[in-house]
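Below: the structure, in structure tokens.
Predicted model only: the values in this text are computed from it and were never measured. Every number for a ligand or one of its atoms is a count from 1 in the order of the listing.
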Amino acid sequence: MRTLNWMVTATLLLSLSAVAQNAADNQPTSQPATVSTSTQAPTPDPTQTSAQPQATQPTAAPAPNAQPVAPQAGPQPTTMDQVVDRFVMREKGLVKMLQSRTPVIETYLQNLTLDPALGPIPQNDKYFLGRMDLSTTIDRKDYIHDDQSMEKHLLGGFSKLFKVQYQPLGFSWMIFADRNDFDRQHYDFRYVRREFLGDVRCLVFDVTPKPKSGQGRFLGRVWVEDQDYNIVRLNGTYAPRPRNAYFFHMDSWRLNLIPGYWVPAFIYSEEGDFSAGAKNALAFKAQTRIWGYDLKKDGASDELTNIRVDSVQDDSPTAQDASPLAAERQWQQQAEDNVVERLTRAGLLAPEGELDKILQTVVNNIEITNNVDLPRPVRTRVLLTSPLETFSVGNTIVISRGLVDVLPDESSLAMALSHELAHIVLGHNLGSKYAFNDRMLFSDEATYENLGFKHIPEEEAAADKKAIDMLKNSPYAQKLDGAGLFLKALNTRAGALNALLTAHLGNNMADGATVTRMTGLMTSAPQIDWNKLDQIAALPLGGRVKLNAWDDKVELVKSQPVAITSARDKMPFEVTPFFPRLTRTGTTDGTNTNGNAATTAPSAATTADNTKPAN
Ligand SMILES: [Zn+2]
């Protein structure tokens, strides 16, 4: 497959591409060793059309999405050598199980600069969203097409210019230590100690590549759970470092979301040294999230059968024909259902769940106190991505996971939701064209080209005004300082967080470095004071919403608040490392099951069910 060659070059984690140099050592391995030193876009290979929506012909025979069967456990190992053999075997089992999967992968990166008071803070940011194909190598297709052609063109005429070019695929490389050669022929394994990660007891091993085992080998540490001997965490980098490239350091976490397997879910990357005298070639923090393992492969053949119209039921009380207005509303509902279903199938929208109940309660609080009476109830759904955005289609309000993450309190959440509720109340209905099912026929990766819910500026202004009026009548009326403070904090960071503030389906909350959403709330809010430790204007990313990488369900994180001891602890809108609490699926804790996670009272019934250890 000719596509392989290019993908191989793309596997470097970061290329410091020297202009006017040619590609050097391409190696026909699938290791991240090969380095593209050319500044030209990697030669566009005609078969490499992954960026194009047309490329949706199934690249491999779409496997039926049957739930993977948990592997049979063999006899328990008695020596560390046997443990190594076991986890090497389990790793191969994981690679094989994931071959039929095409999860969504998102990387959000903040380049850092040092602020004397706040420490390293974001200077600018980057966002990548794609779909991985793990069938033969690690491949990806992107939802967002970053137009770097101009930049490349501008640099093309110069020589000896270096520019940092992030390769999105690189951030996902550490879903496996070494996809093809993770074995004793290529690596030395040294047992370190036992250690608990969350509820899971692990054996810790240092992994070093054998001399002359090739370029781009994993170098670091793995944590192996001591029941089935699956790797649950990898931490390290790749070695040796090739010329003109740079391998990130990564910390990669897996979750036991289905019996017998731990699937890659989070990867944290960080580079940079802010000690005195250090020279940073690069300094960044990045979070990579992987989800949608259970999504159907995007095969063109099943597009038509997957369009669901059965959810649009005729629930009118009588069997009469629809009046013109009733017909219009049904039409809008059909569009709404189509969009919600399509976004869910593209891995961008969480299925309806517990978090929606919380969001709906906030919406209801605003509706009731404002006597809002709509013909159909307002529903809410969570967009699974990080960029801060909201939009509405029909009577469904969609809010992004990233936005829910950073909102500091319920009144800020009410602020975000009220803007979309205002659009609905004012009848700013967009998207009725999506009632035509042919408009749902596109590849998942082309979602952003085919769907859009951006309002004209006049409607934006009207919605802001209506929303503020409604908030002032709501239970949140006395707490709007929090919402105003959030917008002020956003305003201080907006210039550095362009990617985070670029909405892909709805309207942007800022225009360049200036927040434009609900600005009326900012005037009455207190001043931002980073040194005031009890003033929390915005939270770091990832602090609130927990996403199940297998089935895309979302729930609120259950974490104990940690006391803030300095201004540097606040980290508004910032990327932080992952430390998920690891649990085994089906055990009593239940944090990685869904549904009842939000309940606080432990129920005797569920405890009794879970006393049997999962084998
Ligand atoms: Zn709007």
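- The name of the N, O or S atom in Glu460 nearest to the Zn ion (ligand 1) is OE2.
- Because the distance cut-off is set at 2.8 Å, His419 qualifies as a neighbour of the Zn ion (ligand 1) through one of its N, O or S atoms.
- Among residues at least two apart or in separate chains, salt bridge (charged side-chain N to carboxylate O under 4.0 Å, His left out) pairs with a member in residues 488-502 are Arg493-Glu574.
- Within the coordination shell of the Zn ion (ligand 1), defined by N, O or S atoms under 2.8 Å, His428 is absent.
- Between Phe128 and Tyr143, the distance separating the two ring centers is not shorter than 6.0 angstrom.
- Here CG of Leu505 is found 7.0 Å from CG of Leu348. Values are rounded to the nearest 0.5 Å.
- For the pair Ala549 and Asp552, the tightest heavy-atom approach, listed with the atom from each and the gap, is O-OD1, 4.2 Å.
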